[in-house]
Each structure stands twice: as structure tokens, then as C-alpha cells.
Amino acid sequence: MNALTALTYVLPHRLLSSLARRLAYSQNRVLKQWLIDTVARKFGVDLSEAAQPDRTAYPTFNAFFTRALRPDARTPDADPNALLMPADGRISQCGAIEHGRIFQAKGQSFTAAELLGSVADAAPFQEGVFATVYLSPRDYHRVHMPWTGTLRETVHVPGRLFSVGTDAVASVPRLFARNERLVCHFDTDFGPMVQVMVGALLVSGVETVWSGVEIPAYGDAVSRKDWRDKGITLERFAEMARFNYGSTVITLLPRGVAALDPGLAAETPVRLGQRLALRG
């Protein structure tokens, strides 16, 4: 564990994330442009794919960070039986959920029940498959649907805000099951599907297309929202949510539904819309 990861155990994580949020939404022209230019330069952000390629045109740093892409910048896999990668980034880990456990890194794992905040919610995924995608600061920060689904429930699970960088993932036990997260349950034509939006240090919010800002507000107890009577159906490849700053999305699929694409492995760079898995 490096010094920065060790420091995150004692940092005032919510205070730091709240301050980061204030900076992200600041309309001070000098400050917002300095933030945009610094991140674009340091992380090599490619604005040629953005709907707005002029970095000076964004009113806030958050507007730049959550920028839309050109309509032709990403396309879904042409096979109608392909479940799609939900985001740009890289695979942190992917594979089978073995005896209810999800592999994290280097001997670290956590249970699906810990991640979802419920033993009952985890039951359909006990021997299913998962894919964990890390979004770096250079990536497109909107998360899309792997498959068409109707929103059933969201669960806001409060927690820490550890970094989700490589060292932290390798050294912080049960990291993704400890960080604050929004669990999104969908019903599909093959059964349940879950998308977990995992917060991280300095990630100042998660927003969904159906209700806006979900994180913050911070809380100390698990909170559930039932959406079954709202008729919210999102099509395959449609935008679902977005991160304010980089983080991680975890997709869970039930047993026997689909086989993960064999070309996927830890550290594999991925793009929104490419094949995640193929229906069986």
C-alpha cells in the first residue's frame, strides 16, 4: 500500500468531496478554465470526439468533465445478441461470481451481498458474471445501458470514499463494497441486471437520467427508492447515469444468461458500446 492510499484511511473524505464539488461547479472563468486546461493536458483528454470540442466553451469544469460525445463517436456492437460495455475506461476485473464472491485484485474479494447491500438482492447473481470498469479522468464519464431494462429500484449505500486507483484496488480490502455507491436494479427480458455506480475520493456526485443528483446527498443509512410504477425503460446503449469525476461502474448479470467476451481481461482498455457479453 502506497502512502497516498494509506492516507485515504484518515482523510476527511466527505469534506474533500464537497469541496471538489464546489470547485467543479464554479463559474469563475479563470478557475474553471485552469481546471479544464490542467486536466486536459495532464491526462491527454481527446476533445475531437466531444459534441463541443472547444474547451473554453464549457461554463464549468463539471460541464467539461461530463461532456457529451458526438453522436457518431460510439456505436453499439452490431450483433443484436451482444450486451454492451457500459462505459469508456479499462477493465479492473471481470469474470464469474464464484459462490457469491466478486474478485477485486491480488487475493482481494467481496460478496455480491456486500456490494448490493442485501443478501436477497444478491441471490440471482450468486453464480453469475460481473465486469468492473474503471473510468479515468480522461474518459467519457457517462454510463450507458448494456441491455434494454426497466428500472425497478435504486439503493443508495453510504460508505467511505477511497480512491479507486490501481494501488487502492490492490490493497484496500473489499474496496468497492465499502465505498459509497448507487445500486441500480433493472428488469430485462432475461431477468435481473444490476449497474453499480461506485463513488470514489473527490468524486463529487452521481447523477441519473431519471432523477438527477443521487450522490450527494450523503447519508448514514441505506436508502431505497421503488421505481416499479414509474415505467422507466431505458433502451440498450441509452445513457443511464454520469459521474462527476472519475470512478467505477460494476455490471452484474445472472447465471447462464451470457458469456463474457473472451477478449476481456484485467487492464484491457474498453470503449462504450463494444461487446461485453453474448447472450446464450
Side-chain angles (χ1 to χ4, degrees), residues 46 48-51 66-98 102-103 112 115-116 122 124-136 138-152 176 183-198 208-210 231-243 246-280:
D46 181 7
S48 68
E49 297 182 323
T66 59
R67 62 195 175 274
L69 295 179
R70 296 193 327 263
D72 62 344
R74 301 288 183 275
T75 55
D77 188 280
D79 189 332
N81 288 316
L83 283 80
L84 305 177
M85 192 65 61
D88 282 5
R90 62 172 171 80
I91 295 292
S92 178
Q93 294 291 339
C94 63
I97 301 172
E98 298 181 347
I102 297 171
F103 183 60
L115 178 68
L116 304 185
F125 306 101
Q126 287 301 298
E127 303 300 327
V129 295
F130 77 96
T132 303
V133 180
Y134 168 72
L135 292 75
S136 78
R138 68 168 293 162
D139 291 317
Y140 172 63
H141 272 75
R142 302 189 185 191
V143 174
H144 290 232
M145 294 289 287
W147 194 259
T148 299
T150 299
L151 183 65
R152 173 168 29 101
F176 298 120
V183 181
C184 303
H185 293 272
F186 293 93
D187 291 322
T188 77
D189 61 3
F190 58 70
M193 177 181 73
V194 168
Q195 296 265 79
V196 184
M197 304 283 288
V198 183
T208 65
V209 298
W210 55 83
I232 301 170
T233 297
L234 301 179
E235 298 295 323
R236 174 181 182 262
F237 194 57
E239 182 184 343
M240 186 202 90
R242 63 186 67 173
F243 286 111
S247 194
T248 297
V249 59
I250 303 176
T251 301
L252 303 187
L253 301 171
R255 179 180 182 179
V257 167
L260 292 176
D261 188 282
L264 299 177
E267 302 302 316
T268 304
V270 293
R271 283 163 64 93
L272 167 68
Q274 77 177 71
R275 182 177 300 183
L276 168 66
L278 194 64
R279 286 285 302 270

Open item on the list: I need the I250 CD1 to Y134 OH distance, nearest 0.5 Å.
Closed with: 14.0 Å
Task: From T233 atom OG1 to L151 atom CG, the distance as rounded to the nearest 0.5 Å - done: 9.0 Å
Task: Where A87 and V143 come nearest, the two heavy atoms and their spacing - done: CB-CG2, 4.4 Å
Open item on the list: Side chains of T248 and L135, heavy atoms from C-beta outward: is any pair under 4.5 Å?
Closed with: no
- [ ] Quick one: list whatever passes side-chain hydrogen bond (donor to acceptor under 3.5 Å, both in side chains) with R236, sequence neighbours left out.
- [x] none
Open item on the list: What verdict does the side chain to side chain contact (heavy atoms under 4.5 Å, CB included) test give for F243 and T66, after you've listed the backbone C-alpha separation in whole Å, the side-chain angles of each residue and the deciding distance to 0.1 Å?
Closed with: CA-CA 7 Å; F243 286 111; T66 59; over 6 Å; no
- [ ] Any chance you could lay out the side chain to side chain contact (heavy atoms under 4.5 Å, CB included) test for F130 and F103, step after step, and finish with the verdict?
- [x] CA-CA 9 Å; F130 77 96; F103 183 60; 4.3 Å; yes
Task: Distance, nearest 0.5 Å, that separates CD of Q126 from CG of L252 - done: 10.5 Å
Open item on the list: For the CD atom of E239 and the CG atom of L69, what is their distance to the nearest 0.5 Å?
Closed with: 10.0 Å
TODO: Using the test ring-ring contact (aromatic ring centres under 6.0 Å, His included), find all partners of F237 that sit at least two apart in sequence or belong to another chain.
DONE: H144
Open item on the list: Using side-chain heavy atoms (C-beta onward) and a distance below 4.5 Å, is L83 in contact with L253?
Closed with: yes
Open item on the list: Can you list everything that forms a side-chain hydrogen bond (donor to acceptor under 3.5 Å, both in side chains) with E235? Sequence neighbours excluded, please.
Closed with: T148
Task: Those residues that, when tested against D139, pass salt bridge (charged side-chain N to carboxylate O under 4.0 Å, His left out) (two or more places apart) - done: none
Side-chain donor-acceptor pairs under 3.5 Å in residues 273-280, sequence neighbours left out?
| residue | atom | partner | partner atom | Å |
| --- | --- | --- | --- | --- |
| Q274 | OE1 | R271 | N | 2.8 |
| R275 | NH2 | D77 | OD1 | 3.4 |
| R279 | NH1 | D189 | OD1 | 3.3 |

TODO: Return the minimal non-hydrogen interatomic distance between P192 and P124, and the atom names on each side.
DONE: CG-CB, 3.7 Å
Task: Distance-only polar pair, side chains of T132 and Q93, donor-acceptor under 3.5 Å - done: no
- [ ] Go through the steps to decide whether R74 and D88 satisfy the test salt bridge (Lys or Arg N to Asp or Glu O under 4.0 Å), and finish with yes or no.
- [x] CA-CA 10 Å; R74 301 288 183 275; D88 282 5; 2.6 Å; yes
Open item on the list: A side-chain contact here means heavy atoms from C-beta on lying under 4.5 Å apart; do M197 and M240 qualify?
Closed with: yes
TODO: Heavy atoms only: give me the nearest G89-V133 pair and the separation to one decimal.
DONE: CA-CG1, 4.3 Å
Open item on the list: I want to check something: taking the side chain as every heavy atom from C-beta on, are P146 and F186 in contact at a cut-off of under 4.5 Å?
Closed with: no
Task: Steps toward side chain to side chain contact (heavy atoms under 4.5 Å, CB included) verdict (L115, I102) - done: CA-CA 9 Å; L115 178 68; I102 297 171; 4.0 Å; yes
- [ ] Grab the two heavy atoms, one from S247 and one from H141, that are nearest each other, plus how far apart they are.
- [x] N-NE2, 4.5 Å
Task: From CD (Q195) to CE (M145), nearest 0.5 Å - done: 6.5 Å
TODO: Would you give the length of the straight line joining atom OG of S92 to atom CD of E267, rounded to the nearest 0.5 angstrom?
DONE: 7.0 Å
Open item on the list: Testing the basics here: between L272 and M85, what is the closest heavy-atom pair and its distance to 0.1 Å?
Closed with: CD1-O, 3.4 Å
Task: CZ (R70) with more than 12 external heavy atoms under 6.0 Å - done: yes
Open item on the list: Below 30° counts as parallel, above 60° as perpendicular, anything between as tilted: where do the rings of W147 and F190 land?
Closed with: tilted
Open item on the list: D46: which residues meet the salt bridge (charged side-chain N to carboxylate O under 4.0 Å, His left out) condition with it, sequence neighbours left out?
Closed with: none
TODO: Looking only at non-hydrogen atoms, find the nearest pair between A241 and V209 and report the distance.
DONE: N-CG1, 4.4 Å
